[in-house]
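Worksheet: the structure to be examined is printed underneath.
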Amino acid sequence: MINLEIVTPEKMVIDRPVESVTVPTANGEIGILENHAPLISTLKPGILSYNDKGTTEQLVISGGFVEVSTNKVSILADVAENSQEVDADAARIQLDEARKILGDWKGSEDDFEIELEKMQQAQARLQLTGGR
């Protein structure tokens, strides 16, 4: 077992042992099992999954970092929401706005990355909720 700890600026989201974790990082999705090699990576907006006793749970996460050390996964995220916390209508609006802004882009590369992250976060929210 590995201990999964997810913290946002507002609250402790999860602090419990799990069998595995899958995390969206800046370098792609990473699967983490017991005795995983140590690592630190930035997070990208997406779906975090964790398995415990044959059950898979999912959260939308965005912004922050993941650190893996001796059978511990620590995630400091700007956003961590389960499907009940996601407002699919607001996510659709956020996605449409981000697409429009990115389609007419004339700003800096840094600002483009911020808008791209907003779009990816909205897409992850809709994916988690099944677009309900």
Side-chain angles (χ1 to χ4, degrees):
M1 298 291 275
I2 52 180
N3 194 64
L4 173 61
E5 180 180 90
I6 302 175
V7 179
T8 67
E10 292 83 32
K11 64 182 178 178
M12 170 69 75
V13 179
I14 294 173
D15 185 6
R16 60 183 268 208
V18 298
E19 294 171 0
S20 66
V21 182
T22 303
V23 182
T25 72
N27 296 321
E29 202 170 74
I30 294 176
I32 303 165
L33 298 170
E34 194 171 6
N35 299 318
H36 192 284
L39 81 93
I40 295 177
S41 180
T42 56
L43 297 172
K44 79 168 202 172
I47 305 290
L48 174 142
S49 302
Y50 61 94
N51 296 303
D52 186 29
K53 299 176 185 156
T55 303
T56 300
E57 300 290 332
Q58 296 182 316
L59 300 168
V60 170
I61 60 169
S62 182
F65 301 89
V66 58
E67 178 183 13
V68 179
S69 58
T70 310
N71 291 322
K72 182 175 181 178
V73 178
S74 298
I75 295 175
L76 304 172
D78 295 335
V79 173
E81 302 169 313
N82 63 38
S83 62
Q84 292 79 29
E85 295 171 311
V86 173
D87 180 341
D89 292 331
R92 269 190 218 81
I93 291 168
Q94 181 184 8
L95 179 59
D96 290 343
E97 289 174 357
R99 284 180 174 158
K100 183 178 180 197
I101 289 169
L102 291 171
D104 298 329
W105 192 255
K106 294 177 179 65
S108 72
E109 188 173 328
D110 288 341
D111 289 340
F112 181 86
E113 291 298 322
I114 291 168
E115 288 302 321
L116 183 60
E117 191 167 301
K118 287 179 185 177
M119 184 180 79
Q120 292 169 336
Q121 183 182 43
Q123 288 171 326
R125 284 178 165 148
L126 288 172
Q127 180 184 349
L128 184 66
T129 63
R132 60 174 150 93

Working for side chain to side chain contact (heavy atoms under 4.5 Å, CB included), residues Val73 and His36: CA-CA 10 Å; Val73 178; His36 192 284; over 6 Å; no

When you measure from the side chain of Glu67 to the backbone of Ile40, do you find a donor-acceptor pair of N or O atoms at a distance under 3.5 Å? no

Is Val13 reachable from Val60 through a run of hydrophobic residues whose side-chain heavy atoms are each under 4.5 Å from the next? no

Are any side-chain N or O atoms of Glu34 and backbone N or O atoms of Glu19, one a donor and one an acceptor, separated by less than 3.5 Å? no

List the steps and the verdict of side chain to side chain contact (heavy atoms under 4.5 Å, CB included) for Met1 and Asp52. CA-CA 9 Å; Met1 298 291 275; Asp52 186 29; 3.6 Å; yes

Let me check something: do Val21 and Leu39 share a hydrophobic cluster, defined by ILVMFWY side-chain heavy atoms less than 4.5 Å apart, either directly or through other members? yes

In terms of hydrophobic clusters joined by side-chain contacts under 4.5 Å, are Leu48 and Leu76 together? no

For Ser62 and Pro45, the nearest pair of non-hydrogen atoms, with its separation, is OG-CG, 3.6 Å

Pairwise side-chain contact, Gln120 with Leu116, heavy-atom cut-off 4.5 Å (strictly under): yes

Give me the atom names and distance for the closest heavy-atom approach of Ile61 to Pro24. CD1-CD, 3.8 Å

For Asp15 and Asn3, does a side-chain donor sit closer than 3.5 Å to a side-chain acceptor? yes

Given side chains that start at C-beta, do those of Gln123 and Arg99 come closer than 4.5 Å, heavy atoms only? yes

State plainly whether the residues Lys100 and Glu97 are in salt-bridge range, i.e. N to O under 4.0 Å. no

Partner of Val23 under side chain to side chain contact (heavy atoms under 4.5 Å, CB included), chosen from Ile32, Leu4, Ile47: Ile32

CG (Leu126) and CD (Gln94) are apart, to the nearest 0.5 Å, by 9.0 Å

Please evaluate residues Leu33 and Ile2 with respect to the criterion side chain to side chain contact (heavy atoms under 4.5 Å, CB included), reporting the C-alpha separation (whole Å), side-chain torsions for both, the decisive distance (0.1 Å), and the verdict. CA-CA 7 Å; Leu33 298 170; Ile2 52 180; 6.0 Å; no

State whether a side-chain donor-acceptor pair under 3.5 Å links Ser20 with Asn51. yes

Closest approach of Ala80 and Ile6, non-hydrogen atoms and distance? CB-CG2, 3.9 Å

Just how far is it from atom OG1 of Thr56 to atom OH of Tyr50, taken to the nearest 0.5 Å? 10.0 Å

So Glu5 and Ile14, side chain to side chain contact (heavy atoms under 4.5 Å, CB included) or not? Walk me through it. CA-CA 5 Å; Glu5 180 180 90; Ile14 294 173; over 6 Å; no

Hey, what do you get for NZ (Lys44) to OG1 (Thr42), rounding to the nearest 0.5 Å? 10.5 Å

Side chains of Glu57 and Val18 in contact at under 4.5 Å (non-hydrogen atoms): no

Does atom CD (Glu113) have a neighbourhood of more than 12 heavy atoms from anything else shown, all under 6.0 Å? yes

Answer yes or no: is there a side-chain heavy-atom contact under 4.5 Å between Val66 and Ser41? yes

